[in-house]
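Here's the structure we're looking at; comments come further down.
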Amino acid sequence: MSHPRITLEHVSKQFAAPGAGRTAVLDNVSLTVNEGEFVCLLGPSGCGKSTILNLVAGFEQPDHGRVLLDHRPISEPGPERGMVFQQPMLFPWLTVRDNVTFGPRMTGADKASYQADAERYLQLVGLQDFAEHYPWQLSGGMRQRAALARAWLPKPQTLLMDEPFGALDAQTRLAMQELLTDIWQRTRTTILFVTHDVDEALFLADRVLVMSARPGQIRESLTVPFARPRNPEELLTDSAYGQLKRDILHAVREEAAKSLGLQPA
Amino acid sequence: MSHPRITLEHVSKQFAAPGAGRTAVLDNVSLTVNEGEFVCLLGPSGCGKSTILNLVAGFEQPDHGRVLLDHRPISEPGPERGMVFQQPMLFPWLTVRDNVTFGPRMTGADKASYQADAERYLQLVGLQDFAEHYPWQLSGGMRQRAALARAWLPKPQTLLMDEPFGALDAQTRLAMQELLTDIWQRTRTTILFVTHDVDEALFLADRVLVMSARPGQIRESLTVPFARPRNPEELLTDSAYGQLKRDILHAVREEAAKSLGLQPA
Amino acid sequence: MLWQLSGSLGWVDPLLLPPPSDLWQTVQELAISGYRQTPLWQHFAVSTGRALLAFAVAIALGVPLGLAMGLSPLFGAVLNPFVQFLRPLPKIALIPLVIVWFGIGEGAKFFLIFISSFLSIVVGASAAVHGVSQGRLRAARTLGASRRQQFVHVVLPDALPEVFTSVRLSIGIGWTSLIAAEMVAANSGLGWMVINAGSYLRTDVVLLGIVLLGLTGYAFDWLLQLLQRRFAPWTGRDA
Amino acid sequence: MLWQLSGSLGWVDPLLLPPPSDLWQTVQELAISGYRQTPLWQHFAVSTGRALLAFAVAIALGVPLGLAMGLSPLFGAVLNPFVQFLRPLPKIALIPLVIVWFGIGEGAKFFLIFISSFLSIVVGASAAVHGVSQGRLRAARTLGASRRQQFVHVVLPDALPEVFTSVRLSIGIGWTSLIAAEMVAANSGLGWMVINAGSYLRTDVVLLGIVLLGLTGYAFDWLLQLLQRRFAPWTGRDA
Amino acid sequence: EDVPAEVRFAYAGGPRTWILGKIDKSFDKAFGTPVKWIPFGSGSDVLTLFAAKEIDIARFGSSPAAAGIARKLPIEVIGTPEIIATSERLIARNGLTTFKGLEGKTVAYPPNSTAQYAFEVGTKLAKADRSKINVLTLKPAEIVAAWKRGDIDAAYVWGPFTQQLEADGGKEIFATRELQKHGVLIFNNFVVRKEFAAKYPELVTKFLRVAQDKVDQYKKDREGSAQQIAQHLNIPLETVRSTLSGLQYPSDACLYRHRQRQERLAHRDLVQGHRQLPGRDRRDPQARSAGILRPGDQYHLPAASCSHQVRQAWLVNLNGYSRPRQVGQRQGWLPGDK
Ligand SMILES: Nc1ncnc2c1ncn2[C@@H]1O[C@H](COP(=O)(O)OP(=O)(O)OP(=O)(O)O)[C@@H](O)[C@H]1O
Ligand SMILES: Nc1ncnc2c1ncn2[C@@H]1O[C@H](COP(=O)(O)OP(=O)(O)OP(=O)(O)O)[C@@H](O)[C@H]1O
Ligand SMILES: [Mg+2]
Ligand SMILES: [Mg+2]
């Protein structure tokens, strides 16, 4: 259970800035996500969260340090690491159903093996009536849900999720959170999850990582002690919950203020 | 002060659905936003919030009913109605600064008249160091902030905002909310604001409209009684606040459950 | 109208631009007795047949090749010089070499039409790759699409609207070079008819040929636009 | 290499494809004494001059016109038939009419090169409009951009990568039709040189001309790609 | 003698007497094997077709033939079916009547054509200053277009274009026939691919016989022949009539074959001949052929039985590219000898 699935070792990443110089985006970031662990990544806007996911997905290579999956350096993306992007990135030439079944169709799975699952996921994300629609015929939140179903269907060992519920209303979001926990618990997927919502992080995660402002570093790593299954209403009454939330908020706020150039609140 | 700026009268809107039929998206929606009023629009994902903004912006025409601005039917978009889209919609061929100053440059404003403002807004949304970057060099939240500054700079009489703070962390979001309230109070802009965050709605709005599931209708219109300036921490302790929040959440949840096809919670 | 008028009023010498009324008579004549023992429809059929075959092969080979060149920098770097060198060459100047390689049969004619559209399709397709959304390509990769699958299921459809434009332009080029192709020892075909009639000052036949060439080219284009609407309806949609 | 070999080994008759060694000799001869009393560089300069002027005008008129046609359904519907009809016409067949309208001077040559690239640019630009992001256009409209400004500040840059492709293809077309243009009463220019030498079986000169035509066309394309990288660096970026 | 699977003729599509043989298939019958008629557009196309071994026999003008022989294309001239007389003429605007008058004016002719050479020779004979004449090469249809615009003052071209220019106010000031007075003939050739001639000499003989038959047929029934050809080629009858009657037909004695001599001339003397042409760009066939004709030059005759006219024709033909110094014994045959 404590076998590390994702490891970042002293990772630094820079991007070419306009003009001559380079912007340091990540600076000596080390982190580990164990097999079957659910880790939430929080941090001020622009601190490098998406960049970390991109490194783990294999889209970018670190300038320094190593990014490992099961102790092996990551060189390219693979279907064992599913990803939900910050933007839905659906394929506009496919219907919602074809978008959702894209993964299994690519890996050559037998149609019978995923068809029932696909319909079930479409149902669960509330798109059963929109299976024949094209992405541009969906609302923002519906697109995000389609992207979720697409990432879930192939049942990857590792899931990288970049603010996947950002465009959803409270109830739909809760439904999706419960769906995700359910999937995660049944399959013991390893999940690295970016969010700005502390409540969401505390409801979902085993551990919360808070990043500092650019150049991003891991500022804090907090274990979430609540027993599962969790209930959002009950959590609110837990005294540890309030404290943890305040700590995290405090950390994020301090960093966000830095990155906005405000006086620390 | 109670002069209606935006009026929807019995508006219905349908979209062509795949296959033969048509999907009813809005069904007999009537609403009014008065001059200088700040109205938040809530509702389950896919209920037609963005569609209402598109109608007011003048991008779409209603199938039935009328959409009026200052009692005159809206036929096309205009700079007096600024809009922040659900997706940032920045111009990839322009730097962040040029994106932000796009409005005044189009309306032929004197450069001197907006330059200082532009720099100030860039500063306020925390992008002063990224003025020369291109949109694809920004993080998701940074793009959203650039889009905010772009919509604010021309100081439109009416602002239509579609989940403008969805991709921001708590602190940055708060900063942007305060910035928006500040701008709104100084200029008495009329604002129609779509959000999924009930706290955000209660912090910002004079009035909250809750929409029902598709086909969208206005289910409830609730006046937010808190005095301004509001403080998020203080609001939490207000007993009316808890009640209002529960009411709204309840309404949204019921509708969201309907649209997800779940049993009402 | 303008045209009939300009003829009737003598703005342009009817010898060089016969009025439509004359043209109509020519159509009837040629329809009945043919031009050079070959009925008009057969000239038309021969030319469109030649062109369609060449276009089909050019598209079938050119689109994948161009996309592959756009995707793989190495592959592109190797083939690009050839393509870019050959593309701007006037096809008329190549006729002698084409005859040497392909003889004077249908092979040479096919090749001339094929090569002109093929090279442009390759360039267009390879340029279209640069417009392919990196984000969608990334999404496909995390879903386990192999390189070939990324190609077929993402690059191709994403580039399709732009590829369609290139194909439309390229087919225009190919159709223009029909006349060059039919200069090679042909004795039927619209291009040949135009050239041949031109050398006897049969301006009515020339003009009729031109009108038919233009209309057929127009029809090809219309067909392609129809196909595009059918197969790439998402053009310009943000998703 | 292949080429020199095929000549040396007698695969291809050197009469039709002189080996590079012969070609080199021809280059030296022509460089010194010129072809037909005109130095080689002057043939080259005349042709590129003609072409560049025609291209410049074709781009300056064609891109805005095409974009406008793509934007305004009415405008497009009115002009489209003309463009689509004229575009696939073989330019050689039009020469007599062009002479009637433009005489036999530079005007006719300019027009022939111009019209071939112009029509394709128009079609390409008008197709590129369909790929313009509706979302960004909407953003510009809420920011008070007039129709003209939407055109200049959104449609043009958004379509630019695709327009560049069309321009590259169209300039290829224009350069190909140089030879048709220089069939009209020319006595210098690369196209003329190729045609003229061809009629005397001076295959070495023909081949040299072809190589020069190809290389120049290549250079044009390279220049355009450079411009594109300079002026449309956002191609394929999601924002 | 074995016959090839097919014999390939290249023809330019103009109204000519041998087309009668295409219509009634008499060539096919004589050969005992089918004839494939391959159309071509211009002289340079024929050269390419020969070089690519895609044709066996062709009928085309003397100038491209000259260019081909000079470039060592393995072809040989086997006959002279027609001599251009009034079918190609110089038409000028009112007021211009002589070559001299063309000085300072613009004249057009089809590039690399018999008309062009006739013009060059005519200028020379009239002692007009060629450098003062502004010449343009235009295709016949383009000549008509340029004429209508007034861009050109005169044009040397063939029918039906000459008639068009005349209908539009042009006047004939010269016809190719007038060159004959100076011993200059301009004519078309039958040309055969050497390899083919070596392999099937009998067929070449048969070809020349049939070709001559067709000339005879035309001479017997001019109107009927013209009608047949006009119908076959879809050309107005008037055009056919005037073209056919604007050509002169050498007698059958004019058609001959003389291989050895031909080879020698073509391969050695031809080339040497060029080198000896003074004051010309040696590499440039056009410049060369412009200086072909030297009235009064003495030439040996290839076949004693040829008529004077044909001897002249033959010599002019070769002389465009060489100055044979000496001619050997007659070794050939003449159609009808056997
Ligand atoms: N291609 C690029 N070129 C230059 N800079 C880049 C590029 N991509 C990202 N950056 C920079 O890297 C930093 C981190 O970006 P990243 O997208 O990882 O942030 P994030 O933590 O995901 O923020 P958000 O919460 O707003 O999505 C930003 O400052 C951004 O400007
Ligand atoms: N072009 C279109 N064609 C067909 N249906 C459409 C189109 N645009 C929107 N719709 C439908 O209209 C409904 C409302 O869409 P809208 O974008 O207004 O929702 P929303 O309330 O903004 O949702 P969200 O909170 O998820 O953004 C959705 O069901 C969507 O499928
Ligand atoms: Mg991000
Ligand atoms: Mg929406």
Side-chain angles (χ1 to χ4, degrees), chain A residues 15-19 23 25 42-51 86-87 95 123-134 137-142 144-145 162-163 166-175 195-198 214 248-249 252-257 259-262 265, chain B residues 15-19 23 25 42-51 86-87 95 123-134 137-142 144-145 162-163 166-175 195-198 214 248-249 252-257 259-262 265:
Chain A
F15 282 110
T23 324
V25 170
L42 275 90
S45 173
C47 71
K49 301 179 295 297
S50 300
T51 307
Q86 202 166 358
Q87 251 107 59
T95 61
Q123 166 94 38
L124 288 172
V125 300
L127 292 176
Q128 67 277 25
D129 298 341
F130 292 86
E132 299 302 324
H133 279 64
Y134 283 88
Q137 297 177 312
L138 301 184
S139 78
M142 291 158 90
Q144 216 172 26
R145 286 180 271 149
D162 201 347
E163 303 180 38
L168 303 179
D169 64 277
Q171 174 61 25
T172 310
R173 189 171 188 138
L174 187 62
T195 180
H196 288 307
D197 186 335
V198 182
R214 194 162 17 83
I248 297 174
L249 267 180
V252 174
R253 288 196 169 158
E254 223 173 65
E255 295 301 333
S259 92
L260 275 177
L262 308 175
Chain B
F15 283 110
T23 324
V25 171
L42 276 88
S45 172
C47 70
K49 301 180 295 297
S50 301
T51 307
Q86 202 165 358
Q87 252 108 57
T95 61
Q123 167 93 38
L124 288 172
V125 300
L127 292 176
Q128 66 277 25
D129 298 342
F130 291 86
E132 299 302 324
H133 278 63
Y134 283 88
Q137 298 176 311
L138 300 184
S139 79
M142 290 158 89
Q144 215 171 27
R145 287 180 272 149
D162 202 348
E163 303 180 40
L168 304 179
D169 64 276
Q171 174 62 25
T172 310
R173 190 170 188 138
L174 186 62
T195 180
H196 288 306
D197 185 335
V198 182
R214 193 163 20 82
I248 297 174
L249 266 180
V252 174
R253 287 196 169 156
E254 222 172 64
E255 296 301 333
S259 91
L260 274 176
L262 308 175

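Everything numeric in this text was worked out from a predicted model, so none of it was measured. Residue numbers begin at 1 in each chain, while the letters A, B, ... track the order of the sequences. Keep in mind that the numbers below use all heavy atoms, side chains included, and drop hydrogens, waters and symmetry copies.
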How many angstroms lie between atom [atom1] of [X] and atom [atom2] of [Y], to the nearest 0.5 angstrom?
| X | Y | atom1 | atom2 | answer |
| --- | --- | --- | --- | --- |
| B:T172 | A:H196 | OG1 | NE2 | 7.5 Å |
| A:D197 | B:D197 | CG | CG | 8.0 Å |
| A:Q171 | B:L249 | CD | CG | 9.0 Å |
| B:Q86 | A:Q144 | CD | CD | 9.0 Å |

Option in A:G126, A:A167, A:C47 with maximal non-hydrogen atom pairs under 4.5 Å from chain B: A:A167
Among A:E163, A:E255, A:K49, residue most engaged with chain B (heavy-atom pairs, under 4.5 Å): A:E163
Which portion of A:F130 sits near chain B, non-hydrogen atoms under 4.5 angstrom: side chain
Region of A:V198 that comes under 4.5 Å of a non-hydrogen atom in chain B: neither
Contact origin within [X] toward chain A - heavy atom pairs under 4.5 Å:
| X | result |
| --- | --- |
| B:V25 | neither |
| B:L138 | neither |
| B:T195 | neither |
| B:R173 | neither |

With B:S139, the side-chain contact (heavy atoms from CB on, under 4.5 Å) member among A:P44, A:S45, A:S50: A:S45
Closest approach of A:D169 to B:A256 (non-hydrogen atoms, all atoms of both residues): OD2-CB, 3.3 Å
Beyond-backbone contact of B:T23 with A:Q137, side-chain heavy atoms, under 4.5 angstrom: no
Most contacts with chain A, counted as non-hydrogen pairs under 4.5 angstrom, among B:A170, B:G140, B:G166: B:G140
